[in-house]
Structure formats: structure tokens, C-alpha cells
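Inspection log for the structure reproduced underneath, given as C-alpha cells.
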Amino acid sequence: MTAGRVKKTSTWRIEIDASRCQGHNRCYAIAQEVFDVDGFGQAQVRADAPYTEAAKTRAILAANNCPEFAISVVETGVFES
Ligand code: SF4
């Protein structure tokens with residue numbers, strides 16, 4: 001994945017490939033605390049997304065339901081804000 005919006009934490013991060021996102025809003029419907037949709041219909045990771053295990057579970061559910069395979073939930077040990 002090369003394009004998109006990235007937010008990292010110490011244990012996992014969410015990546016949205018903006019080149020794939022078609023604005024179906026399924027991710028937002030499934031996990032509103034994690035995803036938002038901008039004025040152009042592109043999904044974004046909320047700046048205030050809670051990086052809890054519950055949020056991770058919902059983010060994975062959203063990734064599995066994204067028809068464009070635009071969402072990745074990636075395990076990481078790297079912190080970058
Ligand atoms: S479900 Fe996938 S394609 Fe649809 S808005 Fe979310 S990231 Fe984009």
C-alpha cells in the first residue's frame with residue numbers, strides 16, 4: 001500500500017488506501033469511532049480514534065466489509081504520531 005492516510009500507535013495502526021476508497025461509507029457505519037468520511041466521500045481515520053481492543057475489533061470488521069479492500073489493520077511496534 002503506497003497511498004492513503006496513516007495513523008500509527010504502539011501496537012497497531014489503520015491504513016486507508018485512498019486510491020481504492022469509493023466512499024461506500026460501510027466503514028463509518030460499522031465503526032464510527034474509528035472512521036469518518038470527508039466532504040468528497042473519502043474515508044479517513046478519525047484523529048481522535050480510540051486505539052482500544054474494542055476499536056481494533058470493529059476496525060477489522062470494517063476492513064473485512066470494505067468492498068474495495070481499502071482498509072488495512074496492521075500490527076506494529078512502532079510509535080509515530
Ligand atoms: S468501506 Fe472502504 S471503500 Fe467504502 S468508504 Fe470505507 S474505506 Fe472507502
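The minimum heavy-atom distance linking Tyr51 with Arg13 is given by the pair CE2-CA, 4.4 Å. Taking both residues in full, the closest heavy atoms of Ala70 and Cys21 are given as CB-N, 3.9 Å, listed atom of the first, atom of the second, then distance.
By the 4.5 Å heavy-atom criterion applied to side chains, Val73 and Trp12 are counted as neighbours. Side-chain contact between Cys27 and Ile71: present, with at least one pair of heavy atoms (C-beta onward) separated by less than 4.5 Å. You'll find the side chain of Asp17 stays beyond 4.5 Å of the side chain of Phe69, heavy atoms only. Between Arg26 and Glu68 the shortest side-chain heavy-atom distance does not fall below 4.5 Å. His24 has its side chain out of reach of Cys66: every pair of non-hydrogen atoms, C-beta onward, lies at least 4.5 Å apart.
Within the 3.5 Å criterion, the main-chain N or O of Tyr28 finds no donor-acceptor partner in the side chain of Asn25.
The cluster map of Ile, Leu, Val, Met, Phe, Trp and Tyr, joined by side-chain heavy atoms under 4.5 Å apart, puts Val34 and Ile60 in the same cluster.
Applying the side-chain contact (heavy atoms from CB on, under 4.5 Å) rule to Asn65 yields the partners Ile30, Leu61; only residues at least two apart in sequence or on another chain are considered. Contacts of Glu33 classified as side-chain contact (heavy atoms from CB on, under 4.5 Å), with partners at least two apart in sequence or in another chain: Ala31, Pro50, Ala55, Arg58.
To the nearest 0.5 Å, the span separating CG on Asp36 from CD on Gln44 amounts to 6.5 Å. Once rounded to the nearest 0.5 Å, the distance linking CD of Gln22 with OG of Ser19 reads 9.5 Å.
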